[in-house]
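The structure under discussion appears below in the form of structure tokens.
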Amino acid sequence: MESAIVGPRSTDERALNPHRALFAGGRNIFQKELQEWFRTKRFGVTALLTSLMLGAVPVILFLNEGGLHDGRINSGYNGSMDAWMGLTLTLGAYLIVALTMGMIVKEEDAGTAQWIFTKPVSRKGYVLAKYAANVVAVVLGAVIVPSIVFIALTAATQSGGIHDWAAVAEGLAFASLNASVVVAIVLGLSGVFRASAPIAGIAIGIGFVPFFFDRFVTEKVTMFFPVNIGAIATNAVRSEPLTPWQPVISGIVILLVAVAFACYRIDRRQLQ
């Protein structure tokens, strides 16, 4: 009877499984990172704060239009939908930066990353798992859950309810893409900086860049900044034509480049 071989995989065997080696340990890192969102109550706090922020919009409109006296209202629907997208893509983005700016650097500072990489964990798998887990958490906590609260209150206070459910789904998709791009930018900056402050400052500052370029370049150029995803998202929830597509395309490109750059940098980073 042949004896069972116990121990780590051989170099030849790992060479035959390059994809397994690339994402080695990624599943465990993903589960660990996602669980931390719930164990530390980050998810609950995020969902609560953003739900209160978005839920206030239809409630304030309802009260301002005399809803307590007259019942459901017939005005302010488009303005309310604009506020939904505006708050989600601005204040919501700042909150996302604050929540994710330490997803890499904190573990490096604490020495956790050094310990993790002594295990059979791929650095690229580590980065990709970190990104995926944080995207899932922020999209659920900062986009989906508060949007459900907003939509439910809007449907309850507006006499016509939600005018176009397909438009709502489109708005959610663009808001989720924006959140994914923000997390990718934070991840990319984490490959350059080892402190949370510059990561947060630059990630937030990028959102203001188009305002500085308005006087020097045309709108066709500034529309390529991902922050302008808000323009197409607003058109979506208003059931208007889905334009412009430039910020969506550039956002996807920046997302891919930022994640790839983070994988490259952290794979070669010397941990102290």
Leu91 reachable from Leu52 in the ILVMFWY side-chain graph, under 4.5 Å edges: no
Restricting to side-chain hydrogen bond (donor to acceptor under 3.5 Å, both in side chains), what partner residues turn up for Gln35, sequence neighbours left out? Arg39
Closest heavy-atom pair and its distance - Leu54, Pro58: O-CD, 3.2 Å
Report, one line per pair, each donor and acceptor closer than 3.5 Å where one atom sits in a side chain of residues 139-148; sequence neighbours left out.
unit_1: Ser147; atom_1: OG; unit_2: Trp84; atom_2: NE1; d: 3.0
unit_1: Ser147; atom_1: OG; unit_2: Val143; atom_2: O; d: 2.5

Going only through I, L, V, M, F, W and Y residues with side-chain contacts under 4.5 Å, is there a path from Val257 to Leu255? no
Report yes or no: does Glu65 contribute a side-chain atom to a donor-acceptor pair with the main-chain N or O of Ile60 at less than 3.5 Å? no
Tell me whether Asn235 contacts the main-chain N or O of Thr243 through its side chain, where contact means a donor paired with an acceptor under 3.5 Å. yes
So, does Ser51 use its side chain to make a donor-acceptor pair with the main chain of Ala47 at under 3.5 Å? yes
Do we see a donor-acceptor contact under 3.5 Å between the side chains of Asn134 and Thr100? no
Just verifying a value: how many Å separate Tyr126 OH and Glu33 CD, rounded to the nearest 0.5 Å? 7.5 Å
Phe38: ring pair (Phe, Tyr, Trp, His ring centres under 6.0 Å) partners, not counting sequence neighbours: Phe43
Quick one: do Trp245 and Ile252 end up in the same hydrophobic cluster if we chain Ile, Leu, Val, Met, Phe, Trp and Tyr together by side-chain heavy atoms under 4.5 Å apart? yes
Can you tell me how far CD1 of Ile199 sits from CD1 of Ile185, rounded to the nearest 0.5 angstrom? 12.5 Å
Non-hydrogen atoms of Ala233 and Met85 that approach each other most closely: CB-SD, 3.5 Å
Yes or no on side chain to side chain contact (heavy atoms under 4.5 Å, CB included) for Ile202 and Phe193, after CA distance, side-chain angles and deciding distance? CA-CA 11 Å; Ile202 295 174; Phe193 301 100; 3.5 Å; yes
Result block: side-chain N/O donor-acceptor pairs under 3.5 angstrom for residues 167-181, not counting sequence neighbours:
unit_1: Ser176; atom_1: OG; unit_2: Leu172; atom_2: O; d: 2.8
unit_1: Ser180; atom_1: OG; unit_2: Ser176; atom_2: O; d: 2.9

Rounded to the nearest 0.5 Å, what separation is found between the SG atom of Cys263 and the OH atom of Tyr131? 11.0 Å
When you look at Ile206 and Val227, which way does the side chain to side chain contact (heavy atoms under 4.5 Å, CB included) test go after all the steps? CA-CA 8 Å; Ile206 288 174; Val227 68; over 6 Å; no
Which atoms form the tightest heavy-atom contact between Ala133 and Leu34, and what is the distance? O-CD1, 3.5 Å
Spatial distance of atom CG (Leu95) from atom CG (Leu87) [nearest 0.5 Å]: 12.0 Å
All ring pair (Phe, Tyr, Trp, His ring centres under 6.0 Å) counterparts of Tyr77, not counting sequence neighbours: His163
Give a yes or no on whether the backbone of Met103 and the side-chain of Lys130 come within a donor-acceptor separation of less than 3.5 Å. yes
Once ring pair (Phe, Tyr, Trp, His ring centres under 6.0 Å) is applied, do any residues pair with Phe62, and if so which ones, sequence neighbours excluded? none
Looking only at heavy atoms, the pair that brings Pro247 and Phe225 closest together is CB-O, 3.5 Å
Given side chain to side chain contact (heavy atoms under 4.5 Å, CB included), test Leu99 with Thr46 step by step and report yes or no. CA-CA 9 Å; Leu99 290 167; Thr46 301; 3.0 Å; yes
Donor-acceptor check, side chain of Ser159 to backbone of Ile73, threshold 3.5 angstrom: yes or no? yes
Quick one: do Leu187 and Ile104 satisfy side chain to side chain contact (heavy atoms under 4.5 Å, CB included)? Show the steps, please. CA-CA 8 Å; Leu187 184 69; Ile104 299 292; 3.9 Å; yes
Between Leu48 and Trp37, is there shared hydrophobic-cluster membership here, with clusters defined by ILVMFWY side-chain heavy atoms closer than 4.5 Å? no
So, taking the atom named OG in Ser250 and the one named CD1 in Ile229, what distance separates them when rounded to the nearest 0.5 Å? 6.5 Å
Any Val186 side-chain heavy atom under 4.5 Å of Val97 side chain: yes
Taking all non-hydrogen atoms of both residues, which atom of Leu89 and which atom of Ala93 are closest, and how far apart? O-CB, 3.6 Å
Do you know which two heavy atoms are closest between Val57 and Ala83, and how far apart they sit? CG1-CB, 3.8 Å
Between Met81 and Leu61, is there shared hydrophobic-cluster membership here, with clusters defined by ILVMFWY side-chain heavy atoms closer than 4.5 Å? no
Determine whether Pro244 and Asn228 make a side-chain contact, defined as any pair of heavy atoms from C-beta on separated by less than 4.5 Å. no
